[in-house]
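To start, the structure under review is shown below, and the notes come after it.
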Amino acid sequence: MDLMVVAADAMRQDAVRLQRIAQNLSNALTPGYKKQVASSQPFGAQFDAANAAGQPARAGASMASVQARLDPSAGTLRVTGSASDVAIDGDGFFELAHPSGAVYSRRGDFHVDANGRLVGALGLPVMGAGGEIRLTAEPFTIAANGDITQAGAVVAKLRTVRLARAELLEPVGGVYALGGATLEDVAAVPRLRIGYQENSNVDSAREMVGMTETVRHFESLQKLMQGYDEVLEKSIRKLGEF
Amino acid sequence: MNDALYIAATGMQTQQKSVETIANNLANVNTPGFKRGKVSFEDLVYRGLGTAPQQAAAPALWQGSGVGVASMVKVFAAGEIKKTDQPLDLAIDGNGFVEVMTADGTPAFSRGGTLTVDRDGMLATAEGYALKPGIHVGLDAEQLTIQPDGRVLARMTGQKEASEVGRIEMARFADTDGMVALGANLYRPSEKSGDAIYGNAGEDGMGRLVQGAVEASNVRLIDEMVGLMAAQRAYESSVKVIQAADEMLAMSNNLRK
C-alpha cells in the first residue's frame with residue numbers, strides 16, 4: 001500500500017503548491033510584495049537528511065520536504081509622481097519598527113501620520129539613522145541618498161539595510177521579520193528613486209504555467225491511484241476465484 | 001486545498017474594490033475639485049504550516065492568507081487650476097482647505113469651487129454651507145473681490161470704494177490623505193489626519209486663494225485605464241486559481257469511483 005501513501009502525499013504537496021500560487025497571484029498588484037516559491041526535495045536528499053538525523057527513512061515524499069522561500073529579487077519600478085513614494089534601486093530594505101522588533105520592507109509609500117511620524121506599510125514607523133523619523137506638518141522632500149529635508153534643513157536620514165540570505169525572511173503580512181536572514185551591511189546606502197514605487201515581483205505568466213503544471217500533476221497522481229486501485233481490485237477478485 | 005479557494009477569493013474581492021474606486025474616479029473626471037481615490041493592497045497574515053524537524057536550518061513553510069485592502073485614501077495632489085473669470089469661483093493653489101459650517105454643526109472642509117451668497121447674505125459654498133468664520137457680504141453687493149491672502153472686499157450699490165467685509169481663514173492637516181471624503185467637495189478630518197491647523201492664506205504652506213478659477217479634478221484618464229486593465233487581469237488570474245482548485249477538488253472526489 002506504500003504507493004497509495006506516496007501518491008496521497010504528493011497530492012497534498014500539489015495542494016500546498018496551488019495555495020502558494022494563489023497567494024502570489026492574489027498579490028500580483030501589491031506593491032513591494034515578494035513572491036514565494038515552493039520547492040520539494042528529491043528523495044535522495046530526504047533519505048540522507050533522515051539518515052544523518054538517525055531517523056528511519058521511508059519511501060515517498062513527505063510534507064516536510066516542501067520548502068517555501070521568498071524570492072527577494074527586485075520588482076519593476078513604476079512612476080507614481082508622488083514625492084513621498086520611494087523605491088530602492090538595487091539591494092537593500094527599509095527598516096520599520098514593529099511592536100515585536102525591527103521588520104524590513106521594500107515598500108516605500110510613506111506618509112506622515114497624525115503624530116508626526118513618518119510611517120510605511122501597516123502604519124508602522126519608518127526608522128531613520130537615529131530612530132523613528134518625526135516630522136512637522138511642513139512639506140518634506142526625500143533625496144536619493146535618504147536625506148529628508150524639511151523647511152530647507154536636513155532633519156532625518158532613512159535607514160536602509162542590506163540583508164544576507166534575504167530569501168529566509170519571514171513574512172508577517174506587508175512587512176518581513178528577519179527570520180533566518182542576517183543583517184549584512186547596516187550603513188549601506190542604496191540609491192533611492194523618488195516618485196517611484198516597486199511593483200510586486202510576481203510574474204503572472206510563470207504562475208499560470210506553474211498552476212497548469214500543478215493541476216496536471218495532480219491529475220496524473222489521481223489516475224495513478226485509480227489504476228492502482230483497479231489492480232488491487234482485480235487481484236482480490238482473482239484470488240477469490242481460487 | 002480549500003485554502004487556495006479562499007486565498008483567490010480575497011484576490012477577487014480586493015480587485016473588485018479597486019475597480020469600484022476606478023469607476024468612481026472615472027465618473028468624476030470632470031467634477032471640479034474632485035480628488036481621486038486610491039486603493040492600496042497588502043498581503044495578509046501568514047501562518048506556519050509545520051516545520052521540518054530534521055532540517056533545522058531549512059525555512060519553515062509559510063502560508064499566506066491572501067491579499068487585503070491596506071488603505072483607501074484620497075490623493076490630494078493638485079488638479080489643474082482653470083480660469084473661469086466668474087467672480088464667485090474660488091480655487092486654492094496649495095494644500096489648504098476652507099472650513100464650512102455643516103447642518104449638524106460638525107466641522108467640514110472644502111477645497112473651494114463655486115461660491116454663492118446665501119439668503120442671509122453670507123458667503124457660502126454652492127451647496128449652501130456658510131463659510132467659517134462667517135463672512136457677511138450682504139445682498140446688495142455689486143462687486144466681490146477675494147484677495148490671494150483671503151481678504152474679502154465688497155463694493156455695495158451706490159458706493160465707490162470696496163470695503164473689507166471679512167477674511168477667509170485657511171486650514172491644513174498633518175496628513176491630508178487621512179481625511180474622509182463626505183462628497184460634494186467636502187472633507188472631514190479623522191484621527192489619521194489630525195486636527196486642523198489654522199492660518200492665513202499664503203502663509204505656512206496654506207496655499208493662496210485664486211478668485212475666478214476652479215480646480216479641475218486630479219483624475220488622469222490614462223492612469224485610470226491602465227489601472228483598470230491591471231485590476232481586471234489580476235481578477236481574472238484569481239478566477240483561474242479558483243477554477244484550478246475546484247478541478248483538483250473534483251479529482252479528489254473522483255478517486256473513489
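Below, read A as the first sequence line, B as the second, and so on, with proteins coming before strands; counting in each chain starts at 1. Please read all numbers here as calculations on a predicted model, not as lab measurements. Computed from heavy atoms alone, side chains included, the values below leave out hydrogens, waters and symmetry copies.
Most heavy-atom pairs under 4.5 Å with chain A, from the set B:P189, B:A77, B:G64: that is B:G64. Most heavy-atom pairs under 4.5 Å with chain B, from the set A:P171, A:G174, A:S200: that is A:P171. Between chain A and the residues B:G66, B:G194, B:A8, the largest count of heavy-atom pairs under 4.5 Å involves B:G66. Annotation: maximal heavy-atom pairing with chain B below 4.5 Å, among A:L70, A:D14, A:T30, occurs at A:T30.
Across A:A22 and B:V241, no two heavy atoms sit closer than the pair CB-CG1, 3.5 Å. Contact between B:G11 and A:S26 at its shortest, heavy atoms only, is CA-CB, 3.6 Å. For the residue pair B:A234 and A:L29, the shortest heavy atom distance occurs at CB-CD1, 3.7 Å.
Residue B:E236 qualifies as enclosed at atom CD: its count of foreign heavy atoms under 6.0 Å is above 12. Around the CG atom of B:N95, the shell of radius 6.0 Å holds no more than 12 heavy atoms that belong to other residues, nucleotides or ligands. Enclosure of atom OH in A:Y196 is not indicated, since only 12 or fewer non-hydrogen atoms of other residues, nucleotides or ligands lie within 6.0 angstrom. Within 6.0 Å of CE in B:M72 there are more than 12 heavy atoms belonging to other residues, nucleotides or ligands. The local environment of CG in B:N253 is crowded, with over 12 non-hydrogen atoms from other residues, nucleotides or ligands closer than 6.0 Å. Heavy-atom contacts from other residues, nucleotides or ligands closer than 6.0 Å to NZ of B:K74 number more than 12. Under a cut-off of 6.0 angstrom, the local environment of CG in B:D195 is sparse, with at most 12 non-hydrogen atoms contributed by other residues, nucleotides or ligands. Residue A:E213 qualifies as open at atom CD: its count of foreign heavy atoms under 6.0 Å is 12 or below.
Heavy-atom distances place the side chain of A:R216, and not its backbone, under 4.5 Å from chain B. Only the side chain of A:Q36 has a heavy atom closer than 4.5 Å to any heavy atom of chain B. In this structure, the portion of A:V172 lying under 4.5 Å from any heavy atom of chain B is its backbone and not its side chain. Only the side chain of B:Q15 comes within contact range of chain A, judged by heavy atoms closer than 4.5 Å. Only the side chain of B:R172 has a heavy atom closer than 4.5 Å to any heavy atom of chain A. For B:S190, no part sits under 4.5 Å from any heavy atom of chain A, backbone or side chain. Contact annotation for A:E233: neither backbone nor side-chain heavy atoms come within less than 4.5 Å of a heavy atom of chain B. For B:A230, the parts lying under 4.5 angstrom from a heavy atom of chain A are both the backbone and the side chain. For a residue to count as touching a neighbouring chain, one of its non-hydrogen atoms must lie under 4.5 Å from one of that chain's; by this rule B:I197 touches chain A with the side chain only.
Taken from OG in B:S40 to CD in A:Q197, the straight-line distance is 8.0 Å, to the nearest 0.5 Å. Interatomic distance, B:S237 OG to A:E207 CD, rounded to the nearest 0.5 Å: 9.0 Å. With rounding to the nearest 0.5 Å, the separation of CG in B:D223 from OG1 in A:T80 is 10.0 Å. Atoms CE and CE, on B:M251 and A:M225 in that order, are 13.5 Å from each other to the nearest 0.5 Å. If you take CG on A:L18 and CD on B:E247, they are separated by 10.0 Å, rounding to the nearest 0.5 Å.
Side-chain contact between B:N254 and A:Q226 is present, with heavy atoms from C-beta onward closer than 4.5 Å. Looking only at side-chain heavy atoms (C-beta outward), A:E170 and B:Y46 stay at 4.5 Å or farther from each other. A:L25 places none of its side-chain heavy atoms less than 4.5 Å from the side chain of B:K240.
Between the B:D43 side chain and the A:G173 main chain, no donor and acceptor come within less than 3.5 Å of each other. A:Q19 contributes no side-chain N or O that, together with a main-chain N or O of B:A4, makes up a donor-acceptor pair within less than 3.5 Å.
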Would you sort out whether A:H111 and B:V73 count as a side chain to side chain contact (heavy atoms under 4.5 Å, CB included), showing the intermediate values? CA-CA 12 Å; A:H111 66 271; B:V73 294; over 6 Å; no

